[in-house]
Amino acid sequence: MQNPAYTANQLAGSLAAELRLPTNGLDYTILGIYFVVVLGIGFAAKRSVKTTLDFFLSGRSLPAWITGLAFVSANLAATEILGMAANSAQYGAYTVHWYWIGAIPAMVFLGLVMMPFYYGSKVRSVPEFLLLRFDKWAHILSSILFAFAAILIAGVNLYALAIVVEALLGWPQWVAIVVAGAFVLAYITLGGLSSAIYNEVLQFFVILAALIPISVLGLKKVGGWDGLTDKLTVTHGHNFTTAWGGTGIGSANPLGANWLTIVLGLGFVLSFGYWTTNFAEVQRALSAKNLSAAQRTPLIAAYPKIFIVFLVMIPGLVAAVLVPNIGTSGSDLQYNDAIPYLMQELLPNGVLGIAVTGLLAAFMAGMAANISSFNTVFTNDIWARYVVRHREDEYYVRFGRLITAIGVFASIGTAFLASSFSNIMSYLQTLFSFFNVPMFVVFIVGMFWKRASVKSGFWGLLAGTVTAMVNYFVLYKRDIISIPSDQGANFVSAIAGFVAGAVVMVAVSLFTAPKAAEDLEGLVYGTRSPGMAEPPAAGDDAWYRRPALLGWGAVILAAACYIPFSF
């Protein structure tokens, strides 16, 4: 999940004024080499694209370790990197919740429970699954909502990239938007999802190469972990370095959320809604070579996800020590400036070039994930099914490349829409509560209740979306109900949308006919399809190929990570 502490307008102003990085020719050379490699991967992948399955799902041929790294990289956008560091500088160790309770359980649930339904039914998108389980109206509504959300989220990544590049490198904002958009457009148009996935694997390691030096040198600067926690305890209090301090019901804390809303709003509704129905992530698993690899994709991704929190949290905590009044009127630096500030202060040229390249790679990974999922949903679920039907495969590959270009240009437009929001990370969370949570409740009710009728999918999705929007724009924004923060409002909107969708689905199902039992095979829990009954291949019995073992291992490891932060 993304985090709430990212003020885009403040970021643009403060970075441009205070944090221009001392880049030189070596840094630009590293950046140039990266862009050449990105395009090279696109041209190499182009040779394997012959059918729509190749273009949109990599021919379902990729190994689990590739799709697993792409899965986590697609989520590791630079909006998350900068925003999570900002979150840590402002809120401290509360950041761990977005990873250990706000990601890992949902990723494991996706791998163990939902991927057999997605992959076994041979669907090419998340909305297509709703078509099989419910009807065309649920399919149409979910396709439109998802395509719209994908463009909005891609625009957020593009805008965030533009303001950071403008501030750090001195490029005009419009140049940054055009250059980044052009490279994403080039490699996705050339090689489709395969190009996006292989670039995401590369971007994953580039991002780590950027974050590790910042974290290590930052810790060294403040006297190691013990020195860091001792200094923060003196300046910010004991709770700043704990995960659950101050979250009792009725207690005040900067998040505006207690343990119940954290567990229910973030840990269940928002988290499960995002990870299990966001096609930008699920698409990576659907490109795996078999059901076992598809299941293992989010489970493999869960392990680096557990530890990435340290690489984004530590820079924020270090910045809080080095600039004790960061984010206040007594400092020129905002919380969002944590990582750029440390890049300026700690990194020599060469390493600085790697760090800048890592930030650009992260932005491009986030944008590419949403654009590649947008072109799949729009081409397969809207155009090919309802507009131009029964054309040859080559036509839809060409159209997929065209709609990719249109999606990039639309993202440029929504990038400027994102600029009108003072906090783009809260904006992202708001989008998730509007679009992902209602889809999640429709999936859950439909997958676990055979009686859920054909019509209930559409009305549940509509009710959940409208309720979340009404709660946010009417009840919260007009102060009809009092919620301490935008993030708290997002948690409440998500819960309200989930409850409304579930209630409407049950009510509609009681008055409309269910789907025939034979049409539910492989679509409802407890039933199986031939795809789901796929026998394991020879040699697939090793422990690291067992989804259940991988999944429970990730949950236990994430839970164990809480122990040092609980006292």
Side-chain angles (χ1 to χ4, degrees), residues 23 25-63 65-74 76-78 154 157-158 161 165 169 171 175-210 280 283-284 287-289 350-376 397-398 400-405 407-408 411:
T23 48
L26 176 60
D27 301 313
Y28 282 103
T29 298
I30 293 172
L31 189 58
I33 292 172
Y34 170 75
F35 281 122
V36 170
V37 173
V38 164
L39 288 182
I41 291 174
F43 279 105
K46 184 176 186 297
R47 292 178 294 181
S48 64
V49 175
K50 297 180 176 62
T51 67
T52 54
L53 190 65
D54 295 331
F55 188 77
F56 296 117
L57 288 179
S58 302
R60 291 186 187 266
S61 61
L62 300 179
W65 74 271
I66 290 286
T67 55
L69 291 180
F71 188 99
V72 71
S73 180
L76 192 60
N157 279 280
L158 194 55
L161 180 149
V165 170
L169 302 181
W171 296 3
V175 172
I177 288 176
V178 170
V179 169
F183 273 93
V184 172
L185 173 63
Y187 72 73
I188 295 180
T189 302
L190 287 169
L193 183 62
S194 292
S195 179
I197 285 178
Y198 282 113
N199 268 304
E200 283 161 1
V201 173
L202 169 66
Q203 287 158 349
F204 175 77
F205 291 106
V206 173
I207 292 167
L208 292 186
Q283 187 182 28
R284 274 75 194 145
S287 66
K289 62 182 181 180
V351 178
L352 183 60
I354 294 173
V356 172
T357 302
L359 281 181
L360 294 184
F363 278 120
M364 292 171 64
M367 182 182 178
N370 284 282
I371 291 298
S372 61
S373 59
F374 165 78
N375 67 22
T376 301
V397 172
R398 291 196 303 271
R401 290 192 166 109
L402 173 64
I403 203 62
T404 299
V408 170
S411 298

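By the 4.5 Å heavy-atom criterion applied to side chains, Ile371 and Ser411 are counted as neighbours. A 4.5 Å side-chain heavy-atom check between Arg401 and Val397 finds at least one atom pair inside the cut-off.
Considering only residues two or more places apart in sequence or on other chains, Phe374 meets the ring pair (Phe, Tyr, Trp, His ring centres under 6.0 Å) condition with Phe378.
Residue Ile403 holds its CD1 atom at 11.5 Å from OG1 of Thr376, rounded to the nearest 0.5 Å. With rounding to the nearest 0.5 Å, the separation of NZ in Lys289 from CD1 in Ile66 is 11.0 Å. For the atom pair CG (Leu62) and OG1 (Thr67), the distance works out to 6.5 Å, reported to the nearest 0.5 Å. Atom-to-atom distance recorded for Leu352:CG and Thr357:OG1 is 9.0 Å, nearest 0.5 angstrom.
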Ignoring hydrogens and angles, write down the donor-acceptor pairs under 3.5 Å from the side chains of residues 29-38, residues two or more places apart or on other chains.
unit_1	atom_1	unit_2	atom_2	d
Thr29	OG1	Gly25	O	2.8
Tyr34	OH	Gln203	NE2	3.0

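No donor-acceptor pair under 3.5 Å is formed between the side chain of Asn375 and the backbone N or O of Thr404.
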